[in-house]
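Quantities reported herein were computed from a predicted structural model and do not represent experimental measurements.
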Amino acid sequence: MQYPYLKYFIITAEHMSISKAAEAIHISQQGLSSYIRRLESYYQVELFTRKPELVLTPAGKTLLEKAVIIDQAFEELERELLDNRGKEQEVNVAIITPALRYVRESKLLVQYRDYYPDTLVQMEDLTDEEILKKVVDYSVDIGITNELIEDKRVEYHKLFTQRFVLAISDKALRKYIPDYPHCIEEFKHGVFLKDFLPVPYYGYPDSYAISRILKTFCEQQGITFATQMKNPSPKSSVQLVALGHGFAILVKDRLNVFRKEAKNLGLSFHTFPILEPVLDVPYYLVRRADYTYLPHIQKLMELIQSALK
C-alpha cells in the first residue's frame, strides 16, 4: 500500500473526524473517505466504525500502531538521504517581480545558507498565473505571489502587505488642482485618485498587481488616467514627480529612499494616503496542498514566513 494512504489514515485517526482531517490535509471529505475505503479494501478489514461517531476498530488500532512506525521510518530515511546528497540538493522558487527586493533585503537566503550551505536556491521571475501553474505541476517547489488564485491543489500563507501613497509636487498641484494651496491640508487626510485624472500619471507595468487594481477601478468608475509612462525606474519616478511633471504611486516603505533622491536634486514632493481605490497589495507564499516537503524545502518556507512578515 502506498505511503500517502497510511499518512491520511494516521491523520484521520488523530482527529477522529473525516471533516477535520480533510481540512487539515486540504482535500475534500469525499476524497479522504475514498482513501480510507481503499485502505480497508486492500487489507480486507474495517478500520473505523462510523456511527454514531468515528471509532477505531481493533484492526484499525493495529494498523495505526504500525503506520506510525512506518511514518517515523520515512522521516528518518528522508533525513539520512538528505545528509548524503550534499550539493545535489536544490530548491526551486517562482517569485513575482516586486517580491524580489524584499527577499534580497531580508537576507533570508544568507540565513538559509547557515542551515543548508550546499543547497542551491534557484529563483524564477514569473507572473501570478505562471507561478500557480508551476507549483501545481511540480515544476517549482514553492512560489511567492501577490494574487490569491483559488485552487484546491495549493494553499496560500499570507506574508505581508505592500502599501502605497500618492506623491506629487507643489508645481503639479498648482497646475492641475484648482483649490491649491488649500487642498494640501485636506489631502493629508487622504485622497481619491479620480480627483487626479487631469494629472499625468507615471505608473507600473501591467504585470504588477497595483496596475490590475487600477485597471479594475477605472473600468468600474468609467474613467481613464492620463498615463505618461509605464514602468519608470525609481530614480526617474522621483525626478518626474519632484520636477512637477505629474504624480506617481510610491511604495510606502521606500519613501526614505525617494525623499533622499529628491533632496539630492534640491527638490521635494508631498505624499498623501490614498482612500480610493484601496492600494494595499498582499503577498503570499504558495505551496502544494496535501504534500510533505523535504526538510531543506520546509526550512526555506519557514524562513520566508519569518522574514517577510
Side-chain angles (χ1 to χ4, degrees), residues 94-103 124-136 143-151 154 156 158-169 172-173 175-177 183 187 189-242 244-255 257-258 269-286 308:
I95 186 168
I96 198 77
T97 305
L100 288 168
R101 172 174 66 82
Y102 293 95
V103 170
E124 189 175 3
D125 181 6
L126 298 171
T127 66
D128 297 293
E129 293 78 10
E130 291 169 336
I131 290 172
L132 175 62
K133 181 178 183 299
K134 290 215 167 190
V135 170
V136 167
I144 300 177
T145 179
N146 55 20
E147 185 175 357
L148 198 161
I149 304 173
E150 293 295 338
D151 191 308
V154 301
Y156 290 87
K158 179 77 172 291
L159 296 174
F160 66 98
T161 298
Q162 193 179 44
R163 293 182 168 85
F164 298 82
V165 295
L166 182 141
I168 191 168
S169 70
L173 286 173
K175 182 177 181 181
Y176 294 102
I177 306 299
C183 62
F187 286 169
H189 299 289
V191 298
F192 296 88
L193 285 188
K194 63 183 179 181
D195 294 333
F196 290 79
L197 292 182
V199 188
Y201 164 56
Y202 301 98
Y204 293 86
D206 290 336
S207 58
Y208 278 48
I210 188 172
S211 293
R212 294 196 294 271
I213 294 173
L214 289 175
K215 182 180 179 182
T216 300
F217 175 71
C218 288
E219 290 173 350
Q220 292 173 345
Q221 298 288 321
I223 59 178
T224 303
F225 287 110
T227 304
Q228 297 296 308
M229 181 185 296
K230 285 187 178 180
N231 198 24
S233 68
K235 186 172 183 177
S236 62
S237 290
V238 173
Q239 291 175 343
L240 290 165
V241 170
H245 296 302
F247 80 92
I249 297 170
L250 305 181
V251 181
K252 189 174 182 180
D253 64 11
R254 301 290 284 176
L255 281 182
V257 176
F258 289 123
F269 55 86
H270 301 282
T271 58
F272 304 119
I274 300 169
L275 299 177
E276 187 183 38
V278 176
L279 296 182
D280 291 348
V281 178
Y283 284 77
Y284 305 93
L285 170 72
V286 55
L308 304 183

_The test is side-chain hydrogen bond (donor to acceptor under 3.5 Å, both in side chains); show your working for Thr161 and Asp280 and say whether it passes._
CA-CA 6 Å; Thr161 298; Asp280 291 348; over 6 Å; no
*Begin from the C-alpha positions of Ile144 and Val103 and carry the test side-chain contact (heavy atoms from CB on, under 4.5 Å) through to its verdict.*
CA-CA 10 Å; Ile144 300 177; Val103 170; 4.1 Å; yes
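- Tyr176 places no side-chain N or O within donor-acceptor distance of the main-chain N or O of Gly246, the cut-off being under 3.5 Å.
- Looking at Tyr284 and Glu147, their side chains never bring a donor and an acceptor atom within 3.5 Å of each other.
- A heavy-atom distance below 4.5 Å is not found between the side chains of Ser236 and Val238.
- The backbone N or O of His245 sits less than 3.5 Å from a side-chain atom of Tyr202, completing a donor-acceptor pair.
- Of the inter-residue distances, the one linking Ile95 atom CD1 with Leu285 atom CG reads 10.5 Å to the nearest 0.5 angstrom.
- Looking at Val241 and Leu250, their side chains never come closer than 4.5 Å, going by heavy atoms from C-beta outward.
- Nearest heavy atoms, Ala94 versus Leu126: CB-CD1, 3.7 Å.
- Legend: residues meeting ring-ring contact (aromatic ring centres under 6.0 Å, His included) with Phe258, ordered by chain and number and at least two apart, are absent.
- Annotation: side chain of Pro98 is not in contact with side chain of Tyr204 (no heavy-atom distance under 4.5 Å).
- At a threshold of 4.5 Å between non-hydrogen side-chain atoms, the residues Leu132 and Asp151 count as touching.
- Residues Ser211 and Asp206 bring no donor and acceptor atom of their side chains to less than 3.5 Å of each other.
- In this structure a side-chain-to-backbone donor-acceptor pair under 3.5 Å is missing from Thr271 to Val165.
- At a threshold of 4.5 Å between non-hydrogen side-chain atoms, the residues Val251 and Arg101 count as touching.
- Paired with Phe272 under the rule ring pair (Phe, Tyr, Trp, His ring centres under 6.0 Å), one option of Phe192, Phe187, Phe196 passes, and it is Phe187.
- Side-chain contact between Val281 and Tyr208 is absent, with no heavy atoms from C-beta onward closer than 4.5 Å.
- Between Leu193 and Leu279, some side-chain heavy-atom pair lies under the 4.5 Å cut-off.
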_Steps toward side-chain hydrogen bond (donor to acceptor under 3.5 Å, both in side chains) verdict (Asp253, Tyr102)_ = CA-CA 11 Å; Asp253 64 11; Tyr102 293 95; 3.0 Å; yes
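- Note that the OG1 atom of Thr216 and the CD atom of Gln221 stand 11.5 Å from one another [nearest 0.5 Å].
- Rounding to the nearest 0.5 Å gives a distance of 8.5 Å between SG of Cys183 and CD1 of Ile168.
- Listed here is the closest heavy atom pair of Pro200 and Gln228: CB-CG, 3.1 Å.
- Distance CZ/Phe164 to CD1/Ile274: 8.5 Å, rounded to 0.5 Å.
- Glu130 and Thr127 are linked by a side-chain donor-acceptor pair at a separation below 3.5 angstrom, with hydrogens and angles left out of the test.
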*CA sep, side-chain torsions, deciding dist, call: Ile223, Cys218, side-chain contact (heavy atoms from CB on, under 4.5 Å)*: CA-CA 5 Å; Ile223 59 178; Cys218 288; 4.1 Å; yes
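- Contact check on Asp128 versus Arg212 returns a salt bridge, with a Lys/Arg side-chain nitrogen under 4.0 Å from an Asp/Glu carboxylate oxygen.
- To the nearest 0.5 Å, atoms CD1 (Ile131) and OG1 (Thr145) are separated by 4.5 Å.
- Once rounded to the nearest 0.5 Å, the distance linking NZ of Lys158 with CG of Leu308 reads 13.0 Å.
- The minimum heavy-atom distance between Gly244 and Ala172, with the atom names listed, is O-CB, 3.8 Å.
- With sequence neighbours excluded, the residues forming a salt bridge (charged side-chain N to carboxylate O under 4.0 Å, His left out) with Glu124 are Lys134, listed by chain and number.
- A donor atom on one side chain and an acceptor atom on the other are found under 3.5 Å apart for Tyr283 and Gln162.
- For Ser169 against Ala242, the heavy-atom pair with the smallest separation is CB-O, 4.0 Å.
- Within the 4.5 Å cutoff, side-chain heavy atoms of Pro277 are placed close to those of Leu214.
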